[in-house]
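Structure first, then comments.
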Amino acid sequence: MDETKGKKEEQTEQGEGLAKGVARYREVLAQGIASATPAAATIGTLTGAAAFVYGGLPLAVLIALVAILLDATRISIISRYIQSAGGIYTFIERGLGKKVAFIASMSYIVYIFAVIIFVYLIMGLMVPTGLQELGLSLPDWIWIPFGLANAAIAVFISYMGIRPSLKFTLTMSLAEITVLIATSLLIFSKVPPDPQTFTLAYVPQPQILNLGLGVSFGILAFTGYETVSVLGEEAQDPKNTITKGVFTAALIVGIVYLIGSEAFTVGWGVNNMSSYFNYLAPGLIEAYNFGGPILAIILTALLINSNIACACGFTNAVTRVMYAMSRDGLLPSRIGDIHKRRRTPHIAALFTFIFTAVYFVIMSLIFTPANIFIATGVTTTFGFLIAIFTVNISMLIVVKRNNALTIGNILLVAIIETIIGFVFYSQIITSAINIPVLIGVLTLVLWVVGGAIYLAIARQLKR
């Protein structure tokens, strides 16, 4: 294992590793913003939160934003001391050691895989829905090739290199934010904002429980902002750019979500929000109602770009986590190979494409889209929560070793862990035990256990 790590470090020193110091601050921001998919979330995926809070969706998003900014603060703190392509993995490894880091990071990897598959599904379903709103009739199976096209394009862009992929995500992020804000202002010009959406006035009974459930689903809509941390070896002045970038990315995404959720809530009708969850992409319906077919076409195109940029951002993230774990001897050495010209973990990118595409196709042939949403949602939720929960504990150890531990750090972690616990609880009580849920859980468990078995065998063979 040390020999493998030594070879990887030697490659880095010889200029054969990741491209050093090429990502500028605005591109670092784009990694976090694009991975959160502002367009897809605002147009469709925030419906999960709306199912519980109805017209109180903006309130749920606001509270979720506060929680996310607390977590982003935690990542910013640990990023002052650790800058690595491993991101979450390295944060945990430096505080809790390789064994714990391996388990938590395998959960993080399969969380990212599940998010990417989820994005394929969004592309495959929401885009045809948008086209059908424009009067185009498409066959029922069209969502499968749409999803696979998303997979191929996103992995190709990521493979081309960190600068090209970040330039793409930066352009797409700016387009998403601009169009979403403009659409929101258009809706506000016809239906004014309602301050009561930021109160419990429209939240159904039992209000506190439903608000809590809405907030938990709102928090999950922010996932992706933390992927900024994987640029620790490719960013310019990583200590500052990563530290500032992760918080700023979360804040920008949150502001867009806040404005968008308010606009789409009042546009739908605060008293009609109980039906919002019944539609796959209610935002596209509103775009057509308020801006006609032209705006609907623009938002549908934006949704396509958003999904590709998100899958690209998450591919950037997972390939670098796998690269770092391979460099430390926790994954096969080939996974960590760097393309000599593109300076990207191209084998990890290929593995990501094959795993996610095959999983997507197999699930598509067996289950309905709704069941795939459930299965990938379960894997995403629990994989993410396990990783983030572990990082928080590791942060305290890292900060303590640097003689910088404060009461504020401890309180911050305590608050975040409590929030994570509630999100975990809310996901359990709202998930019926059925085959898709079991598949989602088994995907996570089998991935982690399979990785542990591989590692044990590999170490035994090394002796």
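- Using the six-membered ring where Trp is involved, F360 and W143 have ring planes that are perpendicular, over 60° apart on the 30 and 60° scheme.
- If you look at F382 and Y111, their ring centroids are not closer than 6.0 Å.
- No more than 12 heavy-atom neighbours from other residues, nucleotides or ligands sit within 6.0 angstrom of CD1 on I407.
- Remark: R163 does not engage E234 in a salt bridge, criterion side-chain N to carboxylate O under 4.0 Å.
- Heavy-atom contacts from other residues, nucleotides or ligands closer than 6.0 Å to OH of Y25 number more than 12.
- The structure places CG of L18 at 7.0 Å from CZ of R327, a figure rounded to the nearest 0.5 Å.
- Between F247 and Y225, a ring centre-to-centre spacing not shorter than 6.0 Å is recorded.
- For Y89 and Y108, the gap between ring centers reaches or exceeds 6.0 Å.
- T443 and Y359 are linked by a side-chain donor-acceptor pair at a separation below 3.5 angstrom, with hydrogens and angles left out of the test.
- Side-chain contact annotation: T356 with Y120, donor-acceptor N/O pair under 3.5 Å present.
- Using modelled atom types and a 3.5 Å distance limit, the side chains of S35 and T227 yield a donor-acceptor pair.
- Around CD1 of I435, the count of heavy atoms belonging to other residues, nucleotides or ligands within 6.0 Å does not exceed 12.
- Side chains of T90 and S84: a donor-acceptor N/O pair is present below 3.5 angstrom, by distance only.
- Side chain to side chain, T243 and N240 fail the donor-acceptor criterion of an N or O pair below 3.5 Å.
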